[in-house]
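Numbering of residues begins at 1 and proceeds along the displayed sequence.
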Amino acid sequence: MSSPTTAADILGRLTLAPEVAEVLSSSPRLVVPTSRAELYALALGPDGGPTFEVTYDVNGSPVTEAVVTRCKNGVAVNYPEDYMRRRDPDCMRIADDLPTDKPRYADVYGAPFEPVRRETLAWLGTQELVVVPFKAGGPDHGYPSLAIVPLNAAFFALTLVDLQGWVTFDEIGPFTPRSILYLAPPFRQTHFEGRQVVVHNRTKTLHEVFAYNVYPGPSAKKGVFSVLLDIGQQESWLTLHASSVRVTTPYENDTVIMHEGASGGGKSEMCQEIRREDDGRILVGVNVVRDEPYHITLGEVCSLSPVTDDMTLCHPSVQRNRGRLVVTDAEAGWFVRVDGLTEYGADPAFERAVINPPEPLLFLSLNGQPDSTCLPWDHTLDSNGKPCPNPRVVIPRRFIRHVVSEPREVDVRTFGVRMPLCTKENPTYGIMGMFHVIPPSLAWLWRLIAPRGDKNPSIGESKSDKAKIAKGGLVSEGVGSFWPFSTGTKVGGANLALDQIVAHNRTRYVLVPNQHIGAYKVGFAAEWLTREYLARRGGGRIYRDQLVPARCALFGYRPTEIKLDGQQIRPTLLQPEYQEQVGVAAYDAGASILTDFFKSELVQYLTPDLDPLGRSIIEACLADADVEEYDRLTPLYV
């Protein structure tokens with residue numbers, strides 16, 4: 001069967017609602033790329049570059065939404081507005097009447113979505129379009145889906161298929177889309193006052209995503225995440241907001257670690273090599289008060305084989321029912337934030353893949369010059385003269401060295417939290433030790449809360465969230481840190497997360513801070529060294545006599561000591577309360593901040609729909625339970 005080239009050809013292979021079929025029939029030009037190379041050429045505009053402005057008519061005036069630049073190693077997309085360079089956390093609107101805790105379109109705008117839906121489809125029917133099929137969840141386990149995109153925004157379609165994987169109508173065969181993504185950029189200006197808005201319209205068999213802006217983060221990336229969470233909630237499984245990596249010790253023992261956390265919590269960094277100084281030493285941290293660096297020396301370190309990067313599929317078809325969760329990647333490409341790359345040589349393997357890729361890539365908010373090499377550390381400047389904090393590279397996972405393509409059992413689930421500086425003079429919640437081992441019940445609580453704070457680079461904060469974080473406060477991204485992308489209910493997500501944890505009782509759970517440990521600025525060194533240590537322990541196994549309760553019960557247990565290559569990590573990094581610049585009083589003040597925040601966030605889950613075990617765990621927290629009580633509710637696996 002030949003690839004479809006006309007609306008009639010496409011409609012002959014799809015089962016669509018009449019009004020959606022009319023969009024394809026009415027379009028003055030319909031393009032169905034037969035290869036990624038053809039779609040890439042379309043992204044460069046009708047003249048093939050070197051630059052191309054993605055412009056739309058808005059009430060008779062042209063508005064440029066993006067500028068596309070042809071580079072040697074790919075296409076660089078930049079947005080004139082700072083606001084469009086990162087995901088707005090308050091962009092999701094729900095159009096349907098199915099259960100949800102997210103803002104409903106009608107409640108926000110005072111009118112139903114259906115008239116705007118019809119207007120959107122009518123506008124698309126007047127445009128030249130590029131239509132691409134994809135599988136939401138990746139080529140192997142994904143659900144057949146469709147994207148309808150204005151032809152001049154073909155870079156958006158390129159982003160989508162690079163993330164979800166290139167498939168053709170021939171490969172999928174005749175199908176009824178499980179999800180459809182529509183892009184209508186000018187509606188941002190004409191209907192939504194310049195705001196990023198993504199409207200989700202769900203039925204039991206179809207999830208429509210209406211994207212009203214050309215930044216792909218909340219739609220081509222996280223919109224597909226929403227689709228998977230919606231399907232999973234119906235079918236009782238989860239897609240996790242997590243990365244995972246197979247860590248191989250110098251003695252060729254493997255440990256698979258999955259890292260979760262709110263945006264900016266270290267998911268990308270879990271798959272990155274340990275950073276070294278010029279002399280080969282590893283900077284563990286810098287005591288900010290004393291301006292005193294602390295280094296250790298490691299010879300041979302573990303090798304890394306990434307398994308997943310951000311959207312981690314826990315589909316029932318890959319589970320082995322042996323007490324460990326089995327995961328595989330929900331994407332065929334990765335949406336990699338490169339704000340941490342500020343100079344040549346910071347991550348040689350990744351830089352090599354980006355600078356000289358087998359196929360041209362797509363770059364966002366990077367300073368690509370026409371027909372020059374786009375460099376991952378050359379970040380676009382925001383209007384304040386500072387580098388954009390959210391530059392991205394979309395890279396197929398097959399370009400990543402040593403990537404694992406098969407499903408893998410998880411030995412250790414780590415959870416990362418951005419921690420602020422904590423001192424005697426300015427007590428904060430930045431008191432987590434280098435790592436903590438926690439019972440499954442506490443692991444569930446941390447996933448319910450998913451605290452976000454301390455200069456998160458991934459998203460644009462709302463005004464209220466900025467105010468809280470600026471004052472040392474916390475913002476919850478729970479449930480499971482996938483909540484920002486879920487269209488369902490919090491309690492429904494909480495129950496699924498608890499079921500998953502209870503069902504896989506041969507898994508170890510660990511908390512890991514980043515940015516600060518008390519008065520030490522550590523960046524992601526604690527995460528990298530914890531990864532190294534857990535792998536060398538063989539599946540992260542730590543005996544009970546090597547653990548003692550942490551001073552703050554929410555942190556579970558702390559190790560009595562950590563040794564790497566015979567070097568003992570400073571005990572004050574395991575117990576920040578004994579740092580001279582912190583002290584017990586500041587630690588306890590920070591613990592109170594954290595505990596009070598947990599309590600304030602957890603009460604919303606105490607509804608009749610909550611799992612009885614979940615209710616017992618939350619009530620234990622509200623009653624200031626010690627770690628032994630959490631351990632009794634869900635025993636620690638050692």
Side-chain angles (χ1 to χ4, degrees), residues 261-262 265 285-290 294 415-439 441-443 445-446 448-454 468-476 478 509-522 526 530 547-562 569-603 617-631 636:
V286 176
N287 187 302
V288 175
V289 177
R290 292 182 173 178
Y294 167 43
F415 193 90
V417 187
R418 295 180 77 89
M419 287 283 168
L421 180 71
C422 178
T423 64
K424 290 178 179 178
E425 294 74 22
N426 183 29
T428 70
Y429 60 91
I431 55 170
M432 188 183 292
M434 183 168 164
F435 77 80
H436 293 273
V437 178
I438 55 176
S441 51
L442 271 177
L445 287 186
W446 277 94
L448 288 195
I449 302 300
R452 184 178 83 234
D454 194 50
K468 291 179 184 177
I469 293 171
K471 296 178 181 179
L474 288 151
V475 176
S476 173
Y509 295 90
V510 171
L511 292 176
V512 185
N514 67 67
Q515 305 314 308
H516 298 90
I517 299 176
Y520 282 83
K521 171 68 176 175
V522 298
T530 295
L547 298 170
V548 295
R551 185 175 180 88
C552 174
L554 292 177
F555 294 155
Y557 298 96
R558 64 167 180 84
T560 55
E561 67 173 5
I562 298 176
I569 299 296
R570 286 182 180 174
T572 53
L573 288 178
L574 311 184
Q575 294 178 274
E577 63 267 35
Y578 292 130
Q579 292 177 21
E580 181 181 344
Q581 298 79 20
V582 179
V584 171
Y587 181 100
D588 289 346
S592 294
I593 293 170
L594 195 62
T595 301
D596 291 347
F597 179 70
F598 266 62
K599 290 179 179 179
S600 69
E601 291 290 329
L602 288 174
V603 291
I617 295 170
I618 290 176
E619 289 174 347
C621 180
L622 297 178
D624 295 315
D626 56 25
V627 65
E628 287 85 358
E629 176 61 22
Y630 294 112
D631 210 342
L636 191 74

With a 3.5 Å distance limit and no angle check, can you tell me whether Thr428 reaches the backbone of Leu421 through a side-chain donor-acceptor pair?
yes
Examine distances only and state if a side-chain atom of Gln579 and a backbone atom of Ala519 form a donor-acceptor pair shorter than 3.5 Å.
yes
If we ignore hydrogens and angles and just use 3.5 Å, is the side chain of His436 paired with the main-chain N or O of Tyr557 as donor and acceptor?
yes
Measure the shortest side-chain to side-chain distance between Leu448 and Glu601 over non-hydrogen atoms and say whether it is less than 4.5 angstrom.
no
Ala450 versus Gly478, closest heavy-atom pair with distance
CB-N, 3.5 Å
Closest non-hydrogen atom pair between Ala553 and Ala625, with its separation:
CB-O, 3.5 Å
Is a donor on one side and an acceptor on the other found under 3.5 Å between the side chain of Ser441 and the backbone of Ile617?
no
Donor-acceptor check, side chain of Asp631 to backbone of Pro439, threshold 3.5 angstrom: yes or no?
no
Of all the heavy-atom pairs spanning Gly285 and Tyr520, show the shortest one and how long it is.
C-CD2, 4.2 Å
Ile431/Leu594 under side-chain contact (heavy atoms from CB on, under 4.5 Å): CA gap, chis, key distance, verdict:
CA-CA 10 Å; Ile431 55 170; Leu594 195 62; 5.7 Å; no
Criterion side-chain contact (heavy atoms from CB on, under 4.5 Å) on Leu554 and Cys621, from CA distance to verdict:
CA-CA 8 Å; Leu554 292 177; Cys621 180; 4.2 Å; yes
Is the backbone of Cys552 close enough, under 3.5 Å, to the side chain of Tyr587 for a donor and an acceptor to pair up by distance?
yes
How about Gln581 and Lys424: does a side-chain donor come under 3.5 Å of a side-chain acceptor?
no
Is the backbone N or O of Arg570 less than 3.5 Å from a side-chain atom of Tyr294, with the two atoms forming a donor-acceptor pair by type?
yes
Should Glu580 and Thr572 count as side-chain neighbours, where that means a heavy-atom distance under 4.5 Å?
no
Partners meeting ring pair (Phe, Tyr, Trp, His ring centres under 6.0 Å) with Tyr509 (sequence neighbours left out)
none
Per side chain to side chain contact (heavy atoms under 4.5 Å, CB included), Lys599 is matched among Leu602, Thr595, Val603 by Thr595
Between Pro549 and Phe555, is there a side-chain heavy-atom distance shorter than 4.5 Å?
no
